[in-house]
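Report on the structure given below.
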4 protein chains.
Amino acid sequence: MKKELITQSINLFVEKGFSATSIQDIVDAIGVTKGSFYYHFKSKEALLMHIHLSYIDDLLRRQKRILETEKTCRTKLMKVVEFLIEDIEAQGALGRIYYREIRHLSAENGAVIREKKNQFRDNIESIVADGIKNGEFRKNLQPKMTTYAILGMTNWSYQWFNPEGELSVSELAAIYTDFILNGILAEK
Amino acid sequence: MKKELITQSINLFVEKGFSATSIQDIVDAIGVTKGSFYYHFKSKEALLMHIHLSYIDDLLRRQKRILETEKTCRTKLMKVVEFLIEDIEAQGALGRIYYREIRHLSAENGAVIREKKNQFRDNIESIVADGIKNGEFRKNLQPKMTTYAILGMTNWSYQWFNPEGELSVSELAAIYTDFILNGILAEK
Amino acid sequence: MKKELITQSINLFVEKGFSATSIQDIVDAIGVTKGSFYYHFKSKEALLMHIHLSYIDDLLRRQKRILETEKTCRTKLMKVVEFLIEDIEAQGALGRIYYREIRHLSAENGAVIREKKNQFRDNIESIVADGIKNGEFRKNLQPKMTTYAILGMTNWSYQWFNPEGELSVSELAAIYTDFILNGILAEK
Amino acid sequence: MKKELITQSINLFVEKGFSATSIQDIVDAIGVTKGSFYYHFKSKEALLMHIHLSYIDDLLRRQKRILETEKTCRTKLMKVVEFLIEDIEAQGALGRIYYREIRHLSAENGAVIREKKNQFRDNIESIVADGIKNGEFRKNLQPKMTTYAILGMTNWSYQWFNPEGELSVSELAAIYTDFILNGILAEK
DNA sequence: AATGAATGAGATTTCATTCAT
DNA sequence: TATGAATGAAATCTCATTCAT
């Protein structure tokens, strides 16, 4: 039941946004009473924090596995991009909340999540920096900005990509990794 | 005074989100009363629509000028990316609202804005498609997905880029256009 | 209307206690809506504070006037006791709230009220101490405890005395002042 | 465990008041669950009634013993005042609840307690009346009002007296009985 | 004897909106 | 143009109580 509350609230948060989703909306969606909600969560914000925490912890766990498994910076980076994009299928809704509703966490909770989020980004920045050093990537790249560019592309895809449309998540991942590696210019 | 209402509400919407910002918050910020607000705007949503409309109309106007002025697809695309990123300095707050609060427009208003937004994106897609056709860009690019990638990068920068930090908006624009054109791989 | 809210809430607080009186109870009593209540008072506690503050400030003002007007310690003390008891008629309800609901004020507000309350008591203690020094009162009295005894008697009367019963407030005041001055023992 | 529930609830009722203390507060204080509470008490009010009943029955029992043991009205009265004040040490918290939370009993339960409370007071009134008749006390006293004055003083002391402060309960009792017997005026 | 989950009623508070002045 | 008072709906949250286990 706690799980159902989480599932339904994720859907509603995606659809209407956190602020505009009421506890009533959530409990109506699964046919229980407000009292039940507050038995399982201390507050609406506590639910939001729960969602954020389990999502970012999951991302960090999977990122870590890739960093340990892959050998080259190129494959490390590509695998991370692939798993982020392919994740749209399984947890696209979660991702959209994650990037939009952080502001509604309390100061302390927000800090906790932001810290982990930065860690995730820093890990990617390290891949880029290492790749530049060892010659896999172009010398004149700025690791930090390049990381933001890559994350911008992937994160943004959560906002528009429909996994049931013409392209599959894997196909999108392939297109995006090609774009990242080679840019758009025709070769001379 | 209508202008002040708009300015302050933009700041508040950025900071707390549309739903979580009350009319009281807005009028408190400029020291008037709620009655005044309703003299100038029919409703809270009308204000949000006003903000959206003037922003997207401005973007379309400037995009159109670039399309008419520039000659090659490459320069057309670069100029659009540059103006979007450099705009962070002048209207970053506006941009952040634009991409986040559309959901709080009514069905009709939302449709109007989405229509214009699609137009903006379609114009970019056309540049990419034309560039592929005429050989400026790689043959195997997918225009639509490439456009999403480019817009994802630029839009996302509104979320994290601080124009008063180490890099200027122009420097960021340069880094991003280089990334888009050439990717990250070292040349063989 | 703000006045009516205060008047009715005092009655209800006396009857049911602060915690057990709902905002709904209060606004129902005068036929307005909850929204109105919150237009006039920031919170339920703000109303309680308002009540406390205006009551204790009134008491201090009247006490001060007596201290300035009367000459002997005996008349000073008697006048204070008289006005407290005779006040039952005009503000008995207020008095009962005052002594019972302080706990429901916030820490800061509670401190403000307690401070003023102590001042009121200290002023009486000074009368007793002065009276002992100048020979009006018995040498072996303890000013502080004697003050508590006197205030205990008078305050307690707010809990049981019915001004519409057999005795008038003035008669009760006479009986109490006699008791305070002479005790109960038959003279030897 | 029932005893622990009672002990802890008394503390909480003193601190926060009956209405503002939740069952959750009580069971949290001793580390059990709400279900347990309802095994031992039919309702929150049942607990309050239990507390009131055992307290007033105890007072009546001890008062009765004094009435049977002491010979003169003066010693009877003094012994009752002494035991009430000295009781602050052992059951001060209980006393404070008793005088404050009666209102939260149901009509019937409230009547039972009020009945016993009146009996306690009537017994004191009888001592005063007898003392007047037999010449121990002044002729011009009003037994009922005098009783209220005495009970007011003693009851009020539960609100402010700290048995761990400068004075012991016995010392306070001595001061109060002296005050009751002799008043404050210096002898002529 | 005790627990954990759930309920339903009701509490305080917020807020967009209206309207007479 | 602007204000101040009021409204009504809905939001978050609390809480005494029940009940199957």
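Here is the naming used below: chain letters follow the sequence lines, and residue numbers restart at 1 for every chain. A quick note: this is a predicted structure, and the numbers were derived from the prediction, not measured.
Of the candidates dT7(E), dG4(F), dT17(E), dT17(E) carries the atom nearest the S43(B) side chain, counting heavy atoms from C-beta on. Looking at the side chain of K34(C), the nearest of the listed nucleotides dT13(E), dT17(F), dG10(E) is dT13(E). The K44(B) side chain lies nearest to dA16(E) when the options are dT17(F), dA16(E), dT13(E). Which of dT7(E), dA2(E), dT3(F) sits closest to the side chain of V32(B) comes down to dT3(F). Side-chain proximity of I23(C) to the nucleotides dA16(F), dA5(E), dT12(E) is greatest for dT12(E).
For K2(A) and Y39(A), the positive end is not near the middle of the six-membered ring at less than 6.0 Å and at most 45° from its axis. Annotation: cation-pi pair K44(B)/F18(B) present, NZ/CZ under 6.0 Å from the ring centroid and within 45° of its normal.
Contact between the side-chain N/O atoms of Y39(A) and the OP1/OP2 oxygens of dA5(E) is found at a separation under 4.0 Å. Look at S36(A) and you'll find a side-chain N or O under 4.0 angstrom from OP1 or OP2 of dT7(E). Dashed line: the shortest gap from a side-chain N or O of Y38(A) to OP1 or OP2 of dC13(F) is under 4.0 Å. Checking the phosphate oxygens (OP1, OP2) of dG4(E), no side-chain nitrogen or oxygen of H40(A) falls inside 4.0 Å.
As judged by a 4.0 angstrom heavy-atom cut-off over every strand, S22(A) is placed among residues touching the sugar-phosphate backbone only. In this structure, S19(B) reaches neither bases nor backbone, as no heavy-atom distance under 4.0 Å exists between it and the strands shown.
Protein atom CD of Q24(D) is 17 Å distant from nucleotide atom P of dC13(F), rounded to whole Å. Residue F37(D) contributes atom CZ, which lies 14 Å from atom P of dC15(F) at whole-angstrom precision.
Between the CE atom of M49(C) and the OG atom of S54(C) there is a distance of 10.0 Å, given to the nearest 0.5 Å.
Remark: dC13(F) base-pairs with dG10(E); criterion is Watson-Crick or G-U wobble with both hydrogen-bond distances under 3.5 Å. Using Watson-Crick or G-U wobble geometry with both donor-acceptor distances under 3.5 Å, dA20(E) finds its partner in dT3(F).
Proximity of the aromatic rings of W156(D) and Y99(C) is defined here by a centroid distance below 6.0 angstrom, and this criterion is met.
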